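The structure appears right after this line, and notes come after that.
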2 protein chains.
Amino acid sequence: MSDIDVDEEAAALLSTANHRYTTSRKRLVAALQAGEGPLTITQIVEAEKSLPQSTIYRNLTILEEANVVTRIVTNDDFARYELAEHLTEHHHHLICSDCGHVIDFALDAETEALLDKALHQAAEKSGFQVSAHQLDLIGTCASCS
Amino acid sequence: MSDIDVDEEAAALLSTANHRYTTSRKRLVAALQAGEGPLTITQIVEAEKSLPQSTIYRNLTILEEANVVTRIVTNDDFARYELAEHLTEHHHHLICSDCGHVIDFALDAETEALLDKALHQAAEKSGFQVSAHQLDLIGTCASCS
DNA sequence: ATAGTAGTGAGACTCAGTATCATTTTCTCA
DNA sequence: TGAGAAAATGATACTGAGTCTCACTACTAT
Ligand SMILES: [Mn+2]
Ligand SMILES: [Mn+2]
Ligand SMILES: [Zn+2]
Ligand SMILES: [Zn+2]
(Lines give C-alpha, C1' and ligand atoms only; values in the text may rest on other atoms or scores of the structure.)
(Ligands and ions follow the chains in the order given, each with its own letter.)
Protein backbone atom coordinates (compact mmCIF):
# COMPACT_ATOMS: atom_id res chain seq x y z
CA MET A 1 0.00 0.00 0.00
CA SER A 2 1.56 3.29 -1.08
CA ASP A 3 2.15 6.44 0.94
CA ILE A 4 -0.47 8.33 -1.03
CA ASP A 5 -3.20 5.84 -0.21
CA VAL A 6 -2.44 5.99 3.50
CA ASP A 7 -2.56 9.77 3.51
CA GLU A 8 -5.78 9.83 1.54
CA GLU A 9 -7.41 7.23 3.72
CA ALA A 10 -6.25 8.94 6.91
CA ALA A 11 -7.64 12.25 5.66
CA ALA A 12 -10.96 10.61 4.81
CA LEU A 13 -11.23 8.86 8.18
CA LEU A 14 -10.42 12.04 10.06
CA SER A 15 -12.88 14.01 7.99
CA THR A 16 -15.62 11.52 8.86
CA ALA A 17 -14.79 12.11 12.51
CA ASN A 18 -14.88 15.89 11.97
CA HIS A 19 -11.18 16.40 12.34
CA ARG A 20 -8.53 17.93 10.13
CA TYR A 21 -5.52 16.15 8.76
CA THR A 22 -3.01 18.64 10.12
CA THR A 23 0.75 18.68 9.80
CA SER A 24 1.20 17.21 13.29
CA ARG A 25 -1.10 14.35 12.40
CA LYS A 26 0.62 13.76 9.08
CA ARG A 27 3.93 13.54 10.86
CA LEU A 28 2.54 11.04 13.34
CA VAL A 29 1.18 8.87 10.55
CA ALA A 30 4.52 9.09 8.72
CA ALA A 31 6.44 8.12 11.85
CA LEU A 32 4.23 5.09 12.41
CA GLN A 33 4.55 4.13 8.77
CA ALA A 34 8.33 4.23 9.03
CA GLY A 35 8.45 1.91 12.05
CA GLU A 36 8.92 -1.83 11.66
CA GLY A 37 6.40 -2.38 14.41
CA PRO A 38 4.25 -0.44 16.87
CA LEU A 39 6.02 2.53 18.46
CA THR A 40 6.04 3.85 22.02
CA ILE A 41 5.46 7.53 22.77
CA THR A 42 9.15 7.86 23.57
CA GLN A 43 10.11 6.46 20.19
CA ILE A 44 7.73 8.85 18.47
CA VAL A 45 9.05 11.82 20.42
CA GLU A 46 12.54 10.89 19.25
CA ALA A 47 11.47 10.37 15.66
CA GLU A 48 9.59 13.67 15.56
CA LYS A 49 11.70 15.89 17.76
CA SER A 50 9.77 19.12 17.42
CA LEU A 51 6.33 17.71 18.24
CA PRO A 52 5.45 18.41 21.88
CA GLN A 53 4.34 15.49 24.01
CA SER A 54 0.89 16.91 24.65
CA THR A 55 0.24 17.20 20.93
CA ILE A 56 1.43 13.65 20.36
CA TYR A 57 -0.81 12.24 23.08
CA ARG A 58 -3.82 14.27 22.04
CA ASN A 59 -3.49 13.48 18.37
CA LEU A 60 -2.83 9.80 18.83
CA THR A 61 -6.05 9.61 20.80
CA ILE A 62 -7.90 11.42 18.03
CA LEU A 63 -6.30 9.22 15.37
CA GLU A 64 -7.32 6.17 17.33
CA GLU A 65 -10.93 7.31 17.64
CA ALA A 66 -10.95 7.93 13.89
CA ASN A 67 -9.64 4.39 13.30
CA VAL A 68 -6.42 5.61 11.73
CA VAL A 69 -4.18 4.08 14.37
CA THR A 70 -4.43 1.31 16.94
CA ARG A 71 -3.26 1.45 20.51
CA ILE A 72 -1.47 -1.66 21.73
CA VAL A 73 -0.66 -2.53 25.30
CA THR A 74 1.83 -5.21 26.23
CA ASN A 75 3.13 -6.08 29.69
CA ASP A 76 5.81 -3.39 29.75
CA ASP A 77 3.82 -0.31 30.86
CA PHE A 78 4.35 1.68 27.68
CA ALA A 79 1.50 1.90 25.22
CA ARG A 80 2.39 1.50 21.56
CA TYR A 81 0.71 2.77 18.43
CA GLU A 82 0.63 1.44 14.89
CA LEU A 83 -1.36 2.20 11.77
CA ALA A 84 -4.78 0.54 11.79
CA GLU A 85 -5.16 -2.59 9.71
CA HIS A 86 -7.29 -0.71 7.14
CA LEU A 87 -4.08 1.08 6.23
CA THR A 88 -1.67 -1.83 6.40
CA GLU A 89 -2.43 -5.53 6.47
CA HIS A 90 -3.71 -7.88 9.11
CA HIS A 91 -0.74 -9.08 11.13
CA HIS A 92 0.43 -10.12 14.57
CA HIS A 93 3.23 -9.35 16.99
CA LEU A 94 6.40 -10.91 18.26
CA ILE A 95 7.00 -9.45 21.71
CA CYS A 96 10.42 -9.82 23.30
CA SER A 97 9.90 -10.43 27.00
CA ASP A 98 13.49 -9.40 27.56
CA CYS A 99 13.84 -5.95 25.93
CA GLY A 100 10.17 -5.23 25.23
CA HIS A 101 10.70 -4.77 21.51
CA VAL A 102 7.70 -5.54 19.29
CA ILE A 103 7.95 -6.72 15.68
CA ASP A 104 5.22 -7.37 13.15
CA PHE A 105 4.66 -10.75 11.52
CA ALA A 106 1.94 -12.37 9.46
CA LEU A 107 0.52 -15.86 9.22
CA ASP A 108 -0.11 -17.48 5.85
CA ALA A 109 -3.61 -17.08 4.52
CA GLU A 110 -4.76 -20.68 5.11
CA THR A 111 -3.74 -20.71 8.74
CA GLU A 112 -5.33 -17.34 9.26
CA ALA A 113 -8.61 -18.50 7.68
CA LEU A 114 -8.67 -21.68 9.73
CA LEU A 115 -7.99 -19.78 12.90
CA ASP A 116 -10.70 -17.28 12.17
CA LYS A 117 -13.24 -20.03 11.69
CA ALA A 118 -12.26 -21.80 14.91
CA LEU A 119 -12.42 -18.53 16.82
CA HIS A 120 -15.89 -17.64 15.63
CA GLN A 121 -17.15 -21.09 16.57
CA ALA A 122 -15.60 -20.86 20.02
CA ALA A 123 -16.98 -17.38 20.63
CA GLU A 124 -20.49 -18.37 19.61
CA LYS A 125 -20.72 -20.75 22.56
CA SER A 126 -20.42 -17.79 24.93
CA GLY A 127 -22.80 -15.54 23.01
CA PHE A 128 -19.88 -13.31 22.15
CA GLN A 129 -19.81 -11.14 19.00
CA VAL A 130 -16.26 -11.19 17.67
CA SER A 131 -15.05 -8.08 15.89
CA ALA A 132 -11.30 -8.71 15.87
CA HIS A 133 -8.63 -10.98 17.19
CA GLN A 134 -5.22 -10.24 18.55
CA LEU A 135 -2.43 -12.78 18.59
CA ASP A 136 0.95 -12.17 20.17
CA LEU A 137 3.98 -14.41 20.45
CA ILE A 138 5.97 -13.92 23.62
CA GLY A 139 9.62 -14.91 23.61
CA THR A 140 13.14 -13.70 22.98
CA CYS A 141 14.14 -11.62 19.99
CA ALA A 142 17.21 -12.34 17.86
CA SER A 143 19.39 -9.69 19.48
CA CYS A 144 18.45 -10.73 23.03
CA SER A 145 19.30 -14.42 22.62
CA MET B 1 -7.28 -29.48 38.86
CA SER B 2 -8.21 -29.62 42.52
CA ASP B 3 -7.74 -26.96 45.18
CA ILE B 4 -5.12 -29.01 46.99
CA ASP B 5 -2.96 -29.31 43.88
CA VAL B 6 -3.03 -25.58 43.26
CA ASP B 7 -2.07 -24.82 46.84
CA GLU B 8 0.71 -27.38 46.78
CA GLU B 9 2.05 -26.17 43.47
CA ALA B 10 1.87 -22.52 44.56
CA ALA B 11 3.73 -23.37 47.76
CA ALA B 12 6.41 -25.21 45.80
CA LEU B 13 6.85 -22.40 43.29
CA LEU B 14 7.08 -19.79 46.03
CA SER B 15 9.54 -21.91 47.95
CA THR B 16 11.76 -22.15 44.88
CA ALA B 17 11.69 -18.36 44.72
CA ASN B 18 12.54 -18.17 48.46
CA HIS B 19 9.16 -16.90 49.51
CA ARG B 20 6.59 -18.18 51.97
CA TYR B 21 3.07 -19.17 51.14
CA THR B 22 1.45 -16.85 53.65
CA THR B 23 -2.20 -16.35 54.48
CA SER B 24 -2.40 -13.21 52.30
CA ARG B 25 -0.98 -15.12 49.35
CA LYS B 26 -3.31 -18.04 49.89
CA ARG B 27 -6.26 -15.68 49.87
CA LEU B 28 -5.06 -14.10 46.62
CA VAL B 29 -4.71 -17.50 44.98
CA ALA B 30 -8.15 -18.50 46.23
CA ALA B 31 -9.70 -15.30 44.90
CA LEU B 32 -8.18 -15.83 41.47
CA GLN B 33 -9.29 -19.44 41.48
CA ALA B 34 -12.86 -18.38 42.19
CA GLY B 35 -13.02 -15.94 39.28
CA GLU B 36 -14.35 -16.96 35.87
CA GLY B 37 -11.60 -14.94 34.23
CA PRO B 38 -8.71 -12.66 35.12
CA LEU B 39 -9.50 -10.17 37.91
CA THR B 40 -8.64 -6.51 38.33
CA ILE B 41 -7.15 -5.18 41.56
CA THR B 42 -10.49 -3.58 42.33
CA GLN B 43 -12.26 -6.89 41.97
CA ILE B 44 -9.72 -8.56 44.24
CA VAL B 45 -10.01 -5.81 46.84
CA GLU B 46 -13.76 -6.40 46.86
CA ALA B 47 -13.44 -10.17 47.04
CA GLU B 48 -10.90 -10.00 49.86
CA LYS B 49 -12.10 -7.00 51.83
CA SER B 50 -9.56 -7.04 54.64
CA LEU B 51 -6.43 -7.28 52.48
CA PRO B 52 -4.85 -3.84 52.11
CA GLN B 53 -4.08 -2.61 48.60
CA SER B 54 -0.35 -2.45 49.20
CA THR B 55 -0.27 -6.07 50.25
CA ILE B 56 -2.29 -7.10 47.23
CA TYR B 57 -0.02 -5.27 44.81
CA ARG B 58 3.16 -6.49 46.47
CA ASN B 59 2.09 -10.09 46.68
CA LEU B 60 0.70 -10.25 43.16
CA THR B 61 4.09 -9.07 41.91
CA ILE B 62 5.82 -11.75 43.97
CA LEU B 63 3.37 -14.40 42.82
CA GLU B 64 3.97 -13.33 39.25
CA GLU B 65 7.75 -13.58 39.62
CA ALA B 66 7.29 -17.03 41.10
CA ASN B 67 5.14 -18.06 38.09
CA VAL B 68 2.06 -18.63 40.21
CA VAL B 69 0.00 -15.93 38.53
CA THR B 70 0.04 -14.09 35.22
CA ARG B 71 -0.48 -10.40 34.72
CA ILE B 72 -2.67 -9.46 31.78
CA VAL B 73 -3.06 -6.04 30.24
CA THR B 74 -5.91 -5.13 27.92
CA ASN B 75 -6.74 -1.72 26.52
CA ASP B 76 -8.74 -0.56 29.52
CA ASP B 77 -5.99 0.71 31.88
CA PHE B 78 -6.57 -1.89 34.58
CA ALA B 79 -4.19 -4.79 34.86
CA ARG B 80 -5.72 -8.19 35.52
CA TYR B 81 -4.35 -11.28 37.19
CA GLU B 82 -5.13 -14.95 36.76
CA LEU B 83 -3.55 -18.21 37.85
CA ALA B 84 -0.63 -19.24 35.66
CA GLU B 85 -1.33 -21.94 33.11
CA HIS B 86 0.70 -24.46 35.13
CA LEU B 87 -2.12 -24.29 37.63
CA THR B 88 -5.06 -24.21 35.26
CA GLU B 89 -5.16 -25.05 31.58
CA HIS B 90 -4.02 -23.27 28.47
CA HIS B 91 -6.77 -20.94 27.35
CA HIS B 92 -7.57 -17.60 25.75
CA HIS B 93 -9.69 -14.53 26.39
CA LEU B 94 -12.85 -12.94 25.14
CA ILE B 95 -12.52 -9.23 25.82
CA CYS B 96 -15.63 -7.07 25.67
CA SER B 97 -14.63 -3.76 24.13
CA ASP B 98 -17.78 -2.26 25.61
CA CYS B 99 -17.64 -3.06 29.31
CA GLY B 100 -14.07 -4.36 29.56
CA HIS B 101 -15.10 -7.71 30.97
CA VAL B 102 -12.74 -10.62 30.25
CA ILE B 103 -13.85 -14.25 30.01
CA ASP B 104 -11.78 -17.40 29.53
CA PHE B 105 -12.28 -19.73 26.60
CA ALA B 106 -10.35 -22.63 25.07
CA LEU B 107 -9.79 -23.85 21.54
CA ASP B 108 -10.12 -27.51 20.68
CA ALA B 109 -6.86 -29.47 20.78
CA GLU B 110 -6.46 -29.87 17.01
CA THR B 111 -6.80 -26.17 16.28
CA GLU B 112 -4.46 -25.35 19.10
CA ALA B 113 -1.83 -27.79 17.81
CA LEU B 114 -2.09 -26.47 14.27
CA LEU B 115 -1.82 -22.91 15.44
CA ASP B 116 1.20 -23.70 17.55
CA LYS B 117 2.97 -25.25 14.58
CA ALA B 118 2.22 -22.29 12.31
CA LEU B 119 3.38 -19.85 14.96
CA HIS B 120 6.71 -21.55 15.51
CA GLN B 121 7.34 -21.60 11.78
CA ALA B 122 6.51 -17.93 11.42
CA ALA B 123 8.68 -16.95 14.38
CA GLU B 124 11.66 -18.89 13.08
CA LYS B 125 11.89 -16.58 10.09
CA SER B 126 12.63 -13.65 12.43
CA GLY B 127 15.07 -15.55 14.62
CA PHE B 128 12.59 -15.29 17.44
CA GLN B 129 12.45 -17.88 20.27
CA VAL B 130 8.78 -18.41 21.15
CA SER B 131 7.99 -19.24 24.74
CA ALA B 132 4.25 -18.58 24.78
CA HIS B 133 1.40 -17.19 22.76
CA GLN B 134 -1.48 -15.03 23.72
CA LEU B 135 -4.70 -14.90 21.75
CA ASP B 136 -7.55 -12.53 22.53
CA LEU B 137 -10.90 -12.05 20.86
CA ILE B 138 -12.17 -8.52 20.91
CA GLY B 139 -15.88 -7.94 20.60
CA THR B 140 -19.13 -7.55 22.50
CA CYS B 141 -20.14 -9.81 25.36
CA ALA B 142 -23.60 -11.35 25.69
CA SER B 143 -24.88 -8.81 28.22
CA CYS B 144 -23.61 -5.82 26.24
CA SER B 145 -25.32 -6.72 22.96
C1' DA C 1 14.35 -17.34 74.74
C1' DT C 2 16.95 -14.80 71.13
C1' DA C 3 18.41 -13.33 66.85
C1' DG C 4 17.79 -13.11 62.19
C1' DT C 5 14.80 -13.01 58.29
C1' DA C 6 10.49 -12.39 55.75
C1' DG C 7 5.99 -10.19 55.51
C1' DT C 8 2.76 -6.42 56.62
C1' DG C 9 0.29 -1.99 56.04
C1' DA C 10 -0.23 3.01 56.12
C1' DG C 11 1.10 6.47 53.56
C1' DA C 12 4.39 9.08 50.48
C1' DC C 13 5.87 9.11 45.91
C1' DT C 14 6.36 8.31 40.65
C1' DC C 15 5.24 9.06 36.13
C1' DA C 16 2.32 7.71 31.90
C1' DG C 17 -1.48 9.73 30.52
C1' DT C 18 -5.29 13.50 30.70
C1' DA C 19 -7.32 18.07 31.32
C1' DT C 20 -6.97 23.02 31.07
C1' DC C 21 -6.67 27.28 28.80
C1' DA C 22 -4.53 31.17 26.56
C1' DT C 23 -2.72 31.54 22.06
C1' DT C 24 -2.33 30.38 17.17
C1' DT C 25 -3.85 28.36 12.91
C1' DT C 26 -7.26 27.17 9.63
C1' DC C 27 -11.77 27.27 7.66
C1' DT C 28 -16.04 29.81 6.09
C1' DC C 29 -18.55 33.03 3.91
C1' DA C 30 -19.57 37.61 2.96
C1' DT D 1 -9.52 39.84 0.05
C1' DG D 2 -10.87 40.15 5.62
C1' DA D 3 -13.51 39.40 9.95
C1' DG D 4 -15.48 36.00 12.81
C1' DA D 5 -16.05 31.11 14.05
C1' DA D 6 -14.13 26.72 14.87
C1' DA D 7 -10.35 23.67 15.53
C1' DA D 8 -5.59 22.81 16.81
C1' DT D 9 -1.56 23.81 19.50
C1' DG D 10 1.63 23.68 23.48
C1' DA D 11 3.00 24.89 28.05
C1' DT D 12 1.64 23.45 32.28
C1' DA D 13 -1.25 21.53 36.04
C1' DC D 14 -3.47 17.56 37.44
C1' DT D 15 -4.94 12.44 38.07
C1' DG D 16 -4.47 7.90 39.58
C1' DA D 17 -2.66 3.04 38.91
C1' DG D 18 1.18 1.24 40.53
C1' DT D 19 5.69 1.45 43.37
C1' DC D 20 8.57 2.52 47.28
C1' DT D 21 9.58 3.34 52.24
C1' DC D 22 9.89 2.20 56.81
C1' DA D 23 8.49 1.11 61.38
C1' DC D 24 6.40 -2.81 62.98
C1' DT D 25 4.96 -7.75 63.29
C1' DA D 26 5.26 -12.81 62.46
C1' DC D 27 7.91 -16.63 61.36
C1' DT D 28 11.91 -19.76 61.68
C1' DA D 29 16.06 -21.78 63.31
C1' DT D 30 19.54 -22.40 66.59
MN1 LIG E 1 -4.70 -13.25 12.77
MN1 LIG F 1 -3.60 -21.12 22.36
ZN1 LIG G 1 14.72 -8.40 22.78
ZN1 LIG H 1 -19.54 -6.38 27.82
Side-chain angles (χ1 to χ4, degrees), chain A residues 7 10-32 38-66 68-82 100 102, chain B residues 7 10-32 38-66 68-82 100 102:
Chain A
D7 263 357
L13 286 165
L14 279 169
S15 167
T16 301
N18 295 313
H19 288 294
R20 297 173 188 160
Y21 193 33
T22 61
T23 308
S24 309
R25 292 170 190 166
K26 278 182 187 144
R27 288 173 61 191
L28 287 175
V29 167
L32 294 179
L39 302 179
T40 59
I41 300 291
T42 310
Q43 289 172 321
I44 297 170
V45 167
E46 270 163 31
E48 295 293 332
K49 292 244 170 31
S50 70
L51 284 184
Q53 242 187 17
S54 61
T55 296
I56 294 177
Y57 273 112
R58 179 163 14 80
N59 282 327
L60 284 174
T61 303
I62 287 167
L63 288 168
E64 192 194 10
E65 284 165 2
V68 177
V69 308
T70 306
R71 179 188 156 99
I72 291 165
V73 192
T74 63
N75 266 310
D76 79 348
D77 294 339
F78 300 96
R80 288 158 200 270
Y81 287 88
E82 66 179 1
V102 181
Chain B
D7 263 357
L13 287 166
L14 279 170
S15 166
T16 301
N18 294 313
H19 287 295
R20 299 174 188 158
Y21 194 32
T22 60
T23 309
S24 308
R25 293 172 189 166
K26 277 181 187 145
R27 286 173 64 191
L28 287 174
V29 167
L32 294 178
L39 302 180
T40 60
I41 300 292
T42 311
Q43 289 171 322
I44 297 170
V45 167
E46 269 162 31
E48 294 293 334
K49 291 245 173 29
S50 71
L51 283 184
Q53 242 187 15
S54 58
T55 296
I56 293 176
Y57 273 111
R58 182 168 8 84
N59 283 326
L60 284 174
T61 302
I62 286 168
L63 288 168
E64 193 194 11
E65 285 165 0
V68 177
V69 308
T70 306
R71 179 189 157 99
I72 290 165
V73 192
T74 65
N75 267 309
D76 79 346
D77 294 342
F78 301 96
R80 288 158 200 271
Y81 286 88
E82 67 180 0
V102 180

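As the structure is a prediction and not an experimental result, all values here were calculated from the model. Chain naming here is simple, since letters A, B, ... match the order of the sequence lines and numbering starts at 1 in each.
T22(B) is linked by a side chain to side chain contact (heavy atoms under 4.5 Å, CB included) to R20(B), S24(B), R25(B), counting only residues two or more places apart in sequence or in another chain. In terms of the side-chain hydrogen bond (donor to acceptor under 3.5 Å, both in side chains) criterion, residue partners of E48(A) (sequence neighbours excluded) are, by chain and number, R27(A). Not a single side chain to side chain contact (heavy atoms under 4.5 Å, CB included) links S15(B) to another residue, sequence neighbours left out. Checked against side chain to side chain contact (heavy atoms under 4.5 Å, CB included), A30(A) has no partners two or more places apart in sequence or in another chain. Judged as a side-chain hydrogen bond (donor to acceptor under 3.5 Å, both in side chains), and not counting sequence neighbours, the contacts of T40(B) are Q43(B). For T74(A), the side-chain hydrogen bond (donor to acceptor under 3.5 Å, both in side chains) test picks out D76(A), with sequence neighbours left out. The side-chain hydrogen bond (donor to acceptor under 3.5 Å, both in side chains) check on R71(A) picks up Y81(A), with sequence neighbours excluded. A12(B) pairs by the side chain to side chain contact (heavy atoms under 4.5 Å, CB included) definition with nothing, not counting sequence neighbours.
Atom-to-atom, CG of L60(B) to C1' of dC20(D) comes out at 17 Å; the value is rounded to the nearest Å. Rounded to whole Å, the distance from CZ on R27(B) to P on dT8(C) is 11 Å. Summarising the geometry, the separation between CG on N59(B) and C1' on dG9(C) is reported as 11 Å, rounded to the nearest angstrom. Going from atom NZ of K49(A) over to atom P of dG10(D) covers 17 Å, rounded to whole Å. D76(B) has its CG atom 14 Å from the C1' atom of dG16(D), to the nearest Å. Per the geometry, CD1 belonging to I72(B) stands 18 Å off C1' belonging to dG18(D), to the nearest Å. One atom, OH of Y21(A), and another, P of dT9(D), lie 12 Å apart when rounded to the nearest Å. The distance between atom CD1 of I56(A) and atom P of dT12(D), rounded to the nearest whole Å, is 17 Å.
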**Report entry** Contact state string [nucleotides 14-21 of chain C, B base, S sugar-phosphate only, - no protein heavy atom under 4.0 Å]
**Finding:** --SBB---
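Here the straight-line distance linking atom CG of L39(A) with atom CZ of R80(A) works out to 8.5 Å at 0.5 Å rounding. Distance check: I41(B) CD1 to Q53(B) CD gives 7.5 Å after rounding to the nearest 0.5 Å. Between the CD atom in E82(A) and the OG1 atom in T70(A) there is a gap of 5.5 Å [rounded to 0.5 Å].
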Pairwise N/O distances under 3.5 Å, protein to nucleotides 22-24 of chain C:
none

Polar atom pairs between nucleotides 26-30 of chain D and protein, under 3.5 Å, N or O only, would you list them?
none

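Within the 4.0 Å cut-off from OP1 or OP2 of dA8(D), not a single side-chain nitrogen or oxygen of S24(A) is found. Neither OP1 nor OP2 of dA7(D) sits under 4.0 Å from any side-chain N or O of N18(A). The phosphate of dA7(D) has neither OP1 nor OP2 within less than 4.0 Å of any side-chain N or O from H19(A).
Taking the side chain of T55(B) as heavy atoms from C-beta on, and the options dG7(C), dG9(C), dG10(D), the nearest nucleotide is dG9(C).
Distance alone, capped at 3.5 Å, places no donor-acceptor pair between the T55(A) side chain and the L51(A) backbone.
For the helix from dA1(C)-dT30(D) to dA30(C)-dT1(D), the axis fitted to the five pairs at one end and the axis fitted to the five pairs at the other end meet at an angle of 30° (nearest 10 degrees).
Between L28(A) and the options I62(A), V68(A), L63(A), T23(A), a side chain to side chain contact (heavy atoms under 4.5 Å, CB included) holds for only L63(A).
The side-chain heavy atoms of V73(A) and F78(A), taken from C-beta on, include no pair separated by under 4.5 Å.
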